[in-house]
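Heads up: the structure comes next, in structure tokens.
Proteins get letters first, then strands, A, B, ... in listed order; numbering begins at 1 in each.
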Number of protein chains: 2
Amino acid sequence: MEILHAAARVFRRRGVAAAGMREIAEEAGLSPGNLYHYFSGKDEILLFCQERTLERMHAAVQAAKGPAAERLRMVLRAHVHCMLDELEGATAHLDVESLPPKLRAPMIDKRDAYERAVRAIVAAGVKNREFARCDASLVTRAMLGAVNWTARWYRPDGPQMPDEIADALSEYLVKGLA
Amino acid sequence: MEILHAAARVFRRRGVAAAGMREIAEEAGLSPGNLYHYFSGKDEILLFCQERTLERMHAAVQAAKGPAAERLRMVLRAHVHCMLDELEGATAHLDVESLPPKLRAPMIDKRDAYERAVRAIVAAGVKNREFARCDASLVTRAMLGAVNWTARWYRPDGPQMPDEIADALSEYLVKGLA
DNA sequence: CTAGAATTCGAACGATGGTTCAAGTTTTGA
DNA sequence: TCAAAACTTGAACCATCGTTCGAATTCTAG
């Protein structure tokens, strides 16, 4: 859906709270009122953006095979690409609080499930001595923080491509577990 | 200033954009209109909150002595404490975009100066073989992302104290440089 | 060709948010 | 003691935001 792409660009440019329906409408090339023929409101637009991204991240977890270090690198790389490739990822983990409680709860569940999945990889690596002993929960949050943060500083016209960032970042983050 | 503490709590609880002057006033124990006797508006309140935190972080950089690894750990630990100890830190790096351009520019300068200072420690460590070769800029951003992210998931009633989080997190982040 | 459905528009509504202000109250200092 | 300064208030103002709606336009199918 083209509208979601447009909305995601505005969310990213202005921040979710500051993004107005009028600006989203203009970015998508239709009138403000017309948005409501496709979505019930701003909340639903945000929800769809977030679900899209989070499903892509879940898929990356499922697709990861091999030793824990390798799986972790794959997931983190996919996560970075979600954040940077299209301009949509930023709203996923980053603004769950903007949703009304009814929509927020299931979204948080999915986000937590993703975090648990990543943590499980870390824990598995610790168990078979691939990684040093560590607080898997804390380390997982550190990793996710580092990758989520890319959405804040990445500039498409910067010196590095998303792919290089994904490589270098995931390598550094996994290295800290050795 | 007690008002700044109250404002910071509301910023943290609701997010900067969703925090209203009326709620800040109530949290601070005075009337909405009275806020304007102490600050020119919401923007200025946010600015002061951010400056306070950032100055504390700069101070931590100045205070750090010893080998690069040790200095880095000290800075990161201080950064985490800034985020979690008082409830004020979260607005610092996290919502610079909410400021109007006039106030934002000098704020971004200070934030960038802090980032450069941290990066300088990383680069110094690489230069004297304390750390492995790496992209100092990227690694610095990864570290800052990880510590900034703590403000998102930390809960005062959680199992870990800020001090434990600061220790474990800084240790993991520096370990990735070995 | 045409009737019905789908789409599109933009003005208007109600709510909310930051801010102002005239008027009261308290504090200060001589 | 008392006047000036500082502080405090709560209502009101204005802009903006999400949303609604009736009407106009375009698309679709028989």
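Here A/Asp167 does not pair with A/Arg73 in a salt bridge; the nearest charged N to carboxylate O distance is not below 4.0 Å.
Annotation: side chain of A/Arg141 is not in contact with side chain of A/Leu138 (no heavy-atom distance under 4.5 Å). In this structure, the side chains of B/His5 and B/Arg9 come closer than 4.5 Å at one or more pairs of heavy atoms. Put simply, the side chain of A/Asp85 reaches to within 4.5 Å of the side chain of A/Arg56, judged on heavy atoms.
You'll find that the side chain of B/Lys42 is closest to C/dG18, out of C/dG18, D/dT9, D/dG18. Taking every side-chain heavy atom of A/Arg22 into account, C/dA12 is the closest of C/dG18, C/dA12, D/dT9. Of the candidates C/dC9, C/dG18, D/dT9, the closest approach to any side-chain atom of B/Met21 belongs to C/dG18. Between D/dT9, C/dG10, C/dT7, one nucleotide has an atom nearer to the side chain of A/His37 than all others, and that is C/dT7. The side chain of B/Tyr38 sits closest to D/dT8 out of C/dG18, C/dT8, D/dT8.
D/dT9 atom C1' lies 15 Å from atom CD of B/Glu26, rounded to whole Å. One interatomic measurement links the two molecules: CZ of A/Arg14 to C1' of D/dC17, which rounds to 15 Å at whole-angstrom precision. Rounded to whole Å, atom C1' of C/dC9 lies 10 Å from atom CG of A/Leu30. Rounded to a whole Å, the CG atom of B/Leu35 is 14 Å from the P atom of C/dG17. Here C/dT25 presents its P atom at 15 Å from CG of B/Asn34, a figure rounded to the nearest Å.
When each of A/Gly29 and B/Gly20 is assigned the nucleotide of DNA chain C bearing its nearest heavy atom, the one mapping closer to the 5' terminus is A/Gly29. When each of B/Gly33 and A/Tyr36 is assigned the nucleotide of DNA chain D bearing its nearest heavy atom, the one mapping closer to the 5' terminus is B/Gly33.
The backbone N or O of B/Ala69 lies less than 3.5 Å from a partner atom in the side chain of B/Glu130, making a donor-acceptor pair.
Counting any heavy atom pair closer than 4.0 Å across all strands shown, A/Ala18 reaches no nucleic acid atom. Residue contacts for A/Ala19: at a heavy-atom cut-off of 4.0 Å it reaches the sugar-phosphate backbone alone, with no base atom in range.
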